[in-house]
Amino acid sequence: MRLDHSTLHGSLQDPVLGSIGFLNVVMSRYPDAVSFAPGAPHPVFFEELDTNRYTGRFLRYLVEEEGHKPEKARRMLYEYGPSRGLITRLVADALRRDQGIAADENAVVVTVGAQEAMFLVLRALFRSPEDVLAVANPSYVGITGAARLLDIDLVAVDETPHGIDLDALEAECQAARRAGRRVRACYVAPDFSNPGGSRMTLDIRRRLLRLAELEDFLVVEDNAYGFTAAADAARPSLKALDRDRRVVYIGTFAKVCFPGARVGYVVADQVVGSPGAGDRPFAEELAAVKNMVTVNTSPLCQAVIGGMLLEHACSLADLSRRKADLYQRNLACLADALDRRLGRELPGGIAWNRPEGGFFIRVTLPVPVDDALLETSAAKYGVLWTPMSHFYLGNAGDFQLRLSCSYLDPEQIETGVRRLAAFLRHETGGWNGSAAG
Ligand SMILES: Cc1ncc(COP(=O)(O)O)c(C=O)c1O
């Protein structure tokens, strides 16, 4: 049977769904290029992973601390499991210890990556076509793609270096109300957004929570990159500041452990009430949705992550310290190489931001940055990056590209920036500077 693409779900025509596949194809065609494209963790950390040891550690925990018989504990790793997960207590402990989030384990759902958490939260929260999701523009494709799959309308709110523009967000809430709609939730990544690299100040965090209360929306907080903050520069998450249960907090072990585990989590402590059924945490509703999506997160993968947490006394900070150091070093190497090879704020219109953490730097060019320019960069100069337009709603970001530093070593970063400088010098026409070396 031949299927006409136009008869499939409308999201499949949205470029956002194709963007990750497109980048993978380009990367596979140019294996020798230095790739600033993937926001993937550095592979050096996979060398030391001993999944058997972690699984064994988690089995001991099930027996010694949760009181299961050894045979039962073993079976728990192989059977279907509870839809909220096997490691909810460990996750709740870790969040309490490191993030100051007083989450009850009953409010935690362990998910197949942060991606599933986004899908579950949106599915459960959005009831009618009048409900809209506000996102910072640019935004992570995982959230905009999930919204498209679910036919949820988005409102794009400009991002400043200090996170989503609160005045614009307030204006969008009011405009939605005038149009008979409502901003049901707002997705933000307060600590180093992907791809913008923005970070909210403490004051903006507090103001966002006040606005959420005033305009009656929920905040969906994604904290994938918070761990990359320098040790002396941590700021409280929105969830840690949340006194009104307004924040649904999404986390992932993709970066602090490894992405192949596909383990993430969501803290959903909102109280859901209905006549007759009594009150229960929103997490239970998410678990009900999960039952119809992935049923449960792989118990074996949870055991590996659980073992890693236990080896680090349930401290996410301890678990991620070496990784945070490496990403801080790489980000500094990338910014430093850009400074040396391109100079700052070039008259030709080339500029870039300097995030304090996260994986990404955004570069603005004097020429449109599209997929064709990426092909040129890959084929002629051996350097890959991501066009920022993939992350924008509407026609914005056409003059920007994203560089990711997470996957590379300092020498590769240096080589990549040298190639990038040659590419910019010859292809953008806006810069006459020389790229030494
Ligand atoms: C902003 C953001 N959230 C979440 C994730 C991780 O998602 P997952 O746990 O599904 O791999 C990423 C990974 O790239 C990300 O950039």
Side-chain angles (χ1 to χ4, degrees), residues 14-24 26-27 35-41 113-115 118 134-148 154 156-165 186-200 220-229 250 252 254-255 259 327-328 330-331 334-335 338 350-365 368-371 373-374 377 383-408 413 416-417 420:
D14 192 310
V16 76
L17 262 75
S19 63
I20 290 176
F22 165 78
L23 288 173
N24 287 339
V26 178
M27 275 175 63
S35 181
F36 289 112
Q115 189 59 37
M118 293 179 202
V135 293
N137 207 21
S139 215
Y140 178 53
V141 290
I143 190 76
T144 49
R148 279 297 284 127
L154 294 162
V157 181
D158 280 348
E159 188 180 53
T160 75
H162 306 298
I164 196 161
D165 181 332
C186 174
Y187 164 88
V188 287
D191 286 289
F192 317 120
S193 61
N194 173 12
S198 75
R199 190 178 198 206
M200 289 184 185
V220 179
E221 175 176 27
D222 178 349
N223 195 12
Y225 298 101
F227 76 98
T228 63
I250 293 176
T252 177
K255 320 279 167 175
Y327 297 128
Q328 278 279 332
N330 275 12
L331 197 61
L334 178 56
L338 289 170
I350 299 174
W352 57 93
N353 63 347
R354 286 190 89 88
E356 295 158 40
F359 287 5
F360 312 104
I361 286 184
R362 172 172 40 169
V363 185
T364 305
L365 304 191
V369 177
D370 53 17
D371 295 349
L373 196 67
L374 174 58
S377 176
V383 60
L384 287 164
W385 33 262
T386 310
M388 279 286 289
S389 53
H390 289 224
F391 304 104
Y392 276 94
L393 298 170
N395 293 323
D398 290 348
F399 288 80
Q400 296 172 10
L401 57 85
R402 185 193 77 174
L403 301 175
S404 168
C405 66
S406 56
Y407 193 70
L408 302 171
I413 292 175
V417 173
L420 188 74

S.K.: What residues form a side-chain contact (heavy atoms from CB on, under 4.5 Å) with A396, not counting sequence neighbours?
M.R.: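 Listed in chain order: Y392.
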S.K.: Kindly say whether P355 contributes a backbone atom to a donor-acceptor pair with the side chain of N353 at under 3.5 angstrom?
M.R.: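 Checking the backbone N and O of P355 against the side chain of N353, no donor-acceptor pair under 3.5 Å is found.
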S.K.: Spell out, as yes or no, whether a donor-acceptor pair under 3.5 Å connects the side chain of K255 to the backbone of F227.
M.R.: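 Here the side-chain-to-backbone pair does not exist.
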S.K.: Is it the case that the side chain of T252 and the backbone of G113 share a donor-acceptor pair, with hydrogens and angles ignored and the cut-off at 3.5 Å?
M.R.: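 No, the answer is negative, given that no donor and acceptor are paired below the 3.5 Å cut-off.
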S.K.: So, taking the atom named CZ in F391 and the one named OG in S193, what distance separates them when rounded to the nearest 0.5 Å?
M.R.: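 F391 CZ to S193 OG: 10.5 Å, rounded to 0.5 Å.
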S.K.: For S404 versus P38, what's the shortest heavy-atom pair and its separation?
M.R.: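 Shortest heavy-atom contact: OG-O, 2.8 Å.
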S.K.: Can you find a pair of side-chain heavy atoms, one from E356 and one from F192, that are under 4.5 Å apart?
M.R.: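 With C-beta onward as the side chain, the pair touches.
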S.K.: Checking N24 now: which residues fulfil side-chain contact (heavy atoms from CB on, under 4.5 Å) with it, not counting sequence neighbours?
M.R.: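 Only I20 meet the side-chain contact (heavy atoms from CB on, under 4.5 Å) criterion with N24.
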S.K.: Using atom types as modelled and distance alone, determine if a side-chain donor or acceptor of R402 lies under 3.5 Å from a backbone N or O of A37.
M.R.: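 Indeed, once roles are kept as given, a pair shorter than 3.5 Å links the two residues.
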S.K.: Any luck finding a side-chain donor-acceptor pair between S377 and W385 under 3.5 Å?
M.R.: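 Looking only at side-chain atoms, W385 and S377 do form a donor-acceptor pair, the distance falling under 3.5 Å.
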S.K.: Roughly how far, to the nearest 0.5 Å, is CH2 of W352 from CG of L403?
M.R.: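 It comes to 10.0 Å.
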S.K.: Considering only heavy atoms from C-beta outward, does the side chain of S198 approach that of H162 to under 4.5 Å?
M.R.: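 S198 vs H162: side chains apart.
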S.K.: Without swapping roles, check the side chain of D191 against the backbone of N223 for a donor-acceptor pair under 3.5 Å.
M.R.: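 Answer holds: no.
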S.K.: Is F36 close to L401 at the side-chain level, that is, under 4.5 Å between some pair of heavy atoms?
M.R.: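 No; the side chains remain at least 4.5 Å from each other.
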S.K.: Look at the side chain of S35 and the backbone N and O of L384, then say whether any donor-acceptor pair between them is shorter than 3.5 Å.
M.R.: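 Side chain of S35 to backbone of L384: no pair is present.
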S.K.: So, taking the atom named CG in L374 and the one named OG1 in T386, what distance separates them when rounded to the nearest 0.5 Å?
M.R.: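 Spacing of CG (L374) from OG1 (T386) equals 7.5 Å.
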S.K.: Measuring from atom CZ of R354 to atom CZ of R362, what distance do you get when rounded to the nearest 0.5 angstrom?
M.R.: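 The CZ atom of R362 is 15.0 Å from CZ of R354, to the nearest 0.5 Å.
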S.K.: Are any of the side-chain heavy atoms of P41 and P259 separated by less than 4.5 Å?
M.R.: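 When only atoms from C-beta onward are counted, P259 and P41 do touch, with a gap below 4.5 Å.
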S.K.: Would you sort out whether T228 and Q328 count as a side-chain hydrogen bond (donor to acceptor under 3.5 Å, both in side chains), showing the intermediate values?
M.R.: CA-CA 7 Å; T228 63; Q328 278 279 332; 5.5 Å; no
S.K.: For D222 and P190, which heavy atoms make the closest approach, and how far apart are they?
M.R.: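 For D222 versus P190, the nearest heavy atoms are O-CD, 3.9 Å.
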S.K.: Between Q115 and G142, what is the shortest heavy-atom contact and its length?
M.R.: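 Answer, listing the atom of Q115 first, then G142: NE2-O, 3.0 Å.
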S.K.: Going through the checks in order, is the ring pair (Phe, Tyr, Trp, His ring centres under 6.0 Å) test met by F359 and Y407?
M.R.: CA-CA 9 Å; F359 287 5; Y407 193 70; over 10 Å; no
S.K.: Can you name the residues that form a side-chain contact (heavy atoms from CB on, under 4.5 Å) with D398, not counting sequence neighbours?
M.R.: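 Applying side-chain contact (heavy atoms from CB on, under 4.5 Å) to D398 gives S389.
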S.K.: Under the rule for side-chain hydrogen bond (donor to acceptor under 3.5 Å, both in side chains), what residues qualify as partners of D165, not counting sequence neighbours?
M.R.: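 Partners of D165 by the side-chain hydrogen bond (donor to acceptor under 3.5 Å, both in side chains) criterion come out as none, since no residue qualifies.
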S.K.: What distance separates H390 NE2 from D370 CG, expressed to the nearest 0.5 Å?
M.R.: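 H390 NE2 to D370 CG: 9.0 Å, rounded to 0.5 Å.
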S.K.: Please test M200 against I164 for side chain to side chain contact (heavy atoms under 4.5 Å, CB included), starting from the C-alpha separation and ending with a verdict.
M.R.: CA-CA 8 Å; M200 289 184 185; I164 196 161; 4.1 Å; yes
S.K.: Report yes if the side chains of V220 and V188 come closer than 4.5 Å at any heavy-atom pair, otherwise no.
M.R.: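 SC-SC contact between V220 and V188 ruled out.
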S.K.: Please walk me through it: do L365 and Q400 pass side chain to side chain contact (heavy atoms under 4.5 Å, CB included)?
M.R.: CA-CA 6 Å; L365 304 191; Q400 296 172 10; over 6 Å; no
S.K.: Look up atom CD1 in I413 and atom CG in L420, then write down how far apart they are to the nearest 0.5 Å.
M.R.: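 So the gap between those two atoms works out to 12.5 Å.
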S.K.: Return each pair, listed once, that meets side chain to side chain donor-acceptor pair (under 3.5 Å) where at least one residue sits in residues 138-147; pairs must be two or more places apart or across chains.
M.R.: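 Pairs touching residues 138-147 that pass the test: none.
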S.K.: Keeping the roles fixed (side chain from D14, backbone from R148), state whether a donor-acceptor pair exists under 3.5 Å.
M.R.: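 Not at all, since once roles are kept as given, no pair shorter than 3.5 Å links the two residues.
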S.K.: List the atom of A134, the atom of V157, and the distance in Å for their closest heavy-atom pair.
M.R.: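 Where A134 meets V157 most closely, the heavy atoms are CB-CG2, 4.4 Å.
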S.K.: Applying side-chain contact (heavy atoms from CB on, under 4.5 Å), name anything that partners L331, two or more places apart in sequence or on another chain.
M.R.: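 Result, side-chain contact (heavy atoms from CB on, under 4.5 Å) vs L331: I361, C405.
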